[in-house]
Amino acid sequence: MTWVPTLYFVQGMQFFVVMLIAGLMFKSLGVSNELIARWTGVLGLAWALKPLWSPFLELARSKKLIVVATQVTGAVCLGLMALALQLPAWFGAALVVLFLIAYASATHDIACDGLYMGALDAKQQAAFAGWQGAFFNAARFFITGVILKVAGQLEGTMGAANAWSTVFAGLALLVLLLAAYNARMLPGTANTEHSEMTAAGVRRLLKDVLIDFFSKPGIWRAVVFIVLFRFAEGQVQTIGPLFLLEARDKGGLGLTTSQVADVYGWVGTGAFLLGSVLGGYFTSWLGLKRAMPVLIVAMAVPNATFYALSHWLPTDLVHIGAAVGIEMLGYGFGFVGMILFIMQAVAPGKFQTAHYALGSGVMQLGFIFSKTFSGDVQARLGYEHFFLWTLIAGVPALLLLAWVRMPEKEAAA
């Protein structure tokens, strides 16, 4: 309890700064949806590609050294972001800094998960898994419910650019303090001996892992299924928050940054966590094979919710907040299906941990693939027809399900 919460809180903060806050910040600063979707999609590749360099981290002196180094790097970059927003060419400068944050964060993910598994035995891993997930999602709430709220309040008094510079300066200081705390409290030392593995050995191992992964029966259908599962999600999760901020005369709901923080930070995060818990219990009760059609349909709830919002364009926060709650409840409920599919149908075998990482990378690629072009599609179709299109985009995953290899063992009904 002295280090698991702070370790995963920092992990979540860095991830959500890039994948959630960056897009909303750019929207407040007047960047188009096309550019936001395209560039935040490119930044998200860091988490999709991280399995490719994760084996080489074994050559470092310790996991603790990597964790602390990447946290300090993240803090420095957050400070640089505060400065970048004040430059004439602020957009390009901000993208460069976000690129550094993304790859430092992805490397941090590898090291902190390795530290967690290496420092705790199996019983302790299970005992603290709940705390791990709780503080990662606490970071989501902190970023969307607190940081976004502060930015929204400051925008009204000092302008968007100055408000976000102030927010990033504060985040830089917070992450630096947490890095200093973790340097003291994390298990392990920064001067342990190097691993006996060599770079050549790591390359051979990576080759074996990849060959074994792509030799699994039905793996290519599984890969296509994973990509299609997130095909609609990547689009709606990118454009949905921007739609809330968009001016009403442009087809959006015209909310302020502060109001978006209220509905996404408080209502949305709570609904997502509740949906995730319910989805896990539902799948455990029914078994993944029988639960998967329901989980795929649940992934369409956000699409249908945003379609309804774009059609009716409500003005009161009660109805908008309720809709966002339904959206995030369905999202959390359905997303469990993909995590369990990778864990139970894709990962098992000789290299289970590595294959889970590869499956997760493919999952992220599916999200990034659709995220990247979602802004261009929305610009051509408008919000209402775009959200209708995302409903159609979710159908192929449901159709492919009949041909996808599911785990042999099912949970008892």
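Rounding to the nearest 0.5 Å places CD1 of Ile239 at 8.0 Å from NZ of Lys371. Atom CD1 of Ile66 and atom SG of Cys112 lie 11.0 Å apart (nearest 0.5 Å).
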Residues 85-96, side-chain donor-acceptor partners within the protein, below 3.5 Å, at least two apart:
unit_1 : atom_1 : unit_2 : atom_2 : d
Gln86  : NE2    : Asn162 : OD1    : 3.3
Gln86  : NE2    : Ser165 : OG     : 2.7

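Remark: side-chain polar atoms of Arg248 are not paired, donor with acceptor, to backbone N or O of Thr315 under 3.5 angstrom. Counting only distance, with no hydrogens or angles, the side chain of Thr390 and the backbone of Phe387 share a donor-acceptor pair below 3.5 Å. A donor-acceptor contact shorter than 3.5 Å is absent between the side chain of Ser310 and the backbone of Gly252. Using modelled atom types, no side-chain atom of Lys50 and backbone atom of Ile110 make a donor-acceptor pair closer than 3.5 Å. Between the Lys64 side chain and the Ala183 main chain, a donor and an acceptor come within less than 3.5 Å of each other. A donor-acceptor pair under 3.5 Å is absent between the side-chain atoms of Thr269 and the main chain of Trp266, judged by distance alone. With Ser105 contributing its side chain and Ala102 its backbone, the two residues share no donor-acceptor pair below 3.5 Å. Lys216 places a side-chain N or O within donor-acceptor distance of the main-chain N or O of Pro348, the cut-off being under 3.5 Å.
No side-chain heavy atom of Val236 sits under 4.5 Å from any side-chain heavy atom of Thr305. Looking at Leu186 and Lys63, their side chains never come closer than 4.5 Å, going by heavy atoms from C-beta outward. Between Phe335 and Arg230 the shortest side-chain heavy-atom distance falls below 4.5 Å. A 4.5 Å side-chain heavy-atom check between Asn137 and Phe272 finds at least one atom pair inside the cut-off. With contacts defined as side-chain heavy-atom distances shorter than 4.5 Å, the pair Leu365/Val227 does not qualify. Met299 is not listed as a side-chain neighbour of Met338, based on a closest heavy-atom distance of 4.5 Å or more. At least one side-chain heavy atom of Glu246 sits under 4.5 Å from a side-chain heavy atom of Asn33. Side-chain contact between Phe15 and Phe136 is present, with at least one heavy-atom pair separated by less than 4.5 Å.
For Phe386 and Phe243, the ring centers sit 6.0 Å or farther from each other.
Put simply, the residue from Val209, Leu205, Ile211, Leu210 that forms a side-chain contact (heavy atoms from CB on, under 4.5 Å) with Lys207 is Ile211. With Phe225 as the fixed residue, the ring-ring contact (aromatic ring centres under 6.0 Å, His included) test singles out one of Phe231, Trp220, Trp403, Phe341: Phe341.
Take Asp376 and apply the salt bridge (charged side-chain N to carboxylate O under 4.0 Å, His left out) test, not counting sequence neighbours, and it matches Arg38. For Glu327, the salt bridge (charged side-chain N to carboxylate O under 4.0 Å, His left out) test picks out no residue, with sequence neighbours left out.
The number of heavy-atom neighbours closer than 6.0 Å to CH2 of Trp53, taken from other residues, nucleotides and ligands shown, is above 12. The 12-atom threshold is exceeded at CZ of Phe141, counting heavy atoms of other residues, nucleotides or ligands nearer than 6.0 Å. Remark: Arg380 CZ is loosely packed, at most 12 non-hydrogen atoms of other residues, nucleotides or ligands lying under 6.0 Å away. In the displayed structure, Trp3 atom CH2 is contacted under 6.0 Å by more than 12 heavy atoms of other residues, nucleotides or ligands.
Scanning both residues, Gly265 and Thr144, for their nearest heavy atoms gives CA-OG1, 3.3 Å. Closest non-hydrogen pair, Val68 versus Ala179, comes out as CG1-O, 4.3 Å. Considering every non-hydrogen atom in both Ala397 and Ile296, the closest pair reads O-CD1, 4.0 Å. Closest approach of Glu155 and Ala163 over heavy atoms only: N-CB, 3.6 Å. Leu206 approaches Pro51 most closely through the heavy-atom pair CD1-O, 4.3 Å.
For the 3.5 Å distance criterion, the side chains of Gln235 and Ser370 fail to qualify, holding no donor opposite an acceptor. Using modelled atom types and a 3.5 Å distance limit, the side chains of Thr257 and Ser28 yield a donor-acceptor pair. Side-chain contact check for His108 and Gln11: no donor-acceptor pair (N or O, by modelled atom type) lies under 3.5 Å.
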* To do: For the pair Phe135 and Tyr8, evaluate ring-ring contact (aromatic ring centres under 6.0 Å, His included) and give the outcome as yes or no after the intermediate values.
  => CA-CA 6 Å; Phe135 276 86; Tyr8 282 92; 9.6 Å; no
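The aromatic rings of Phe99 and Tyr103 lie tilted to each other, with the angle between the two planes from 30° to 60°.
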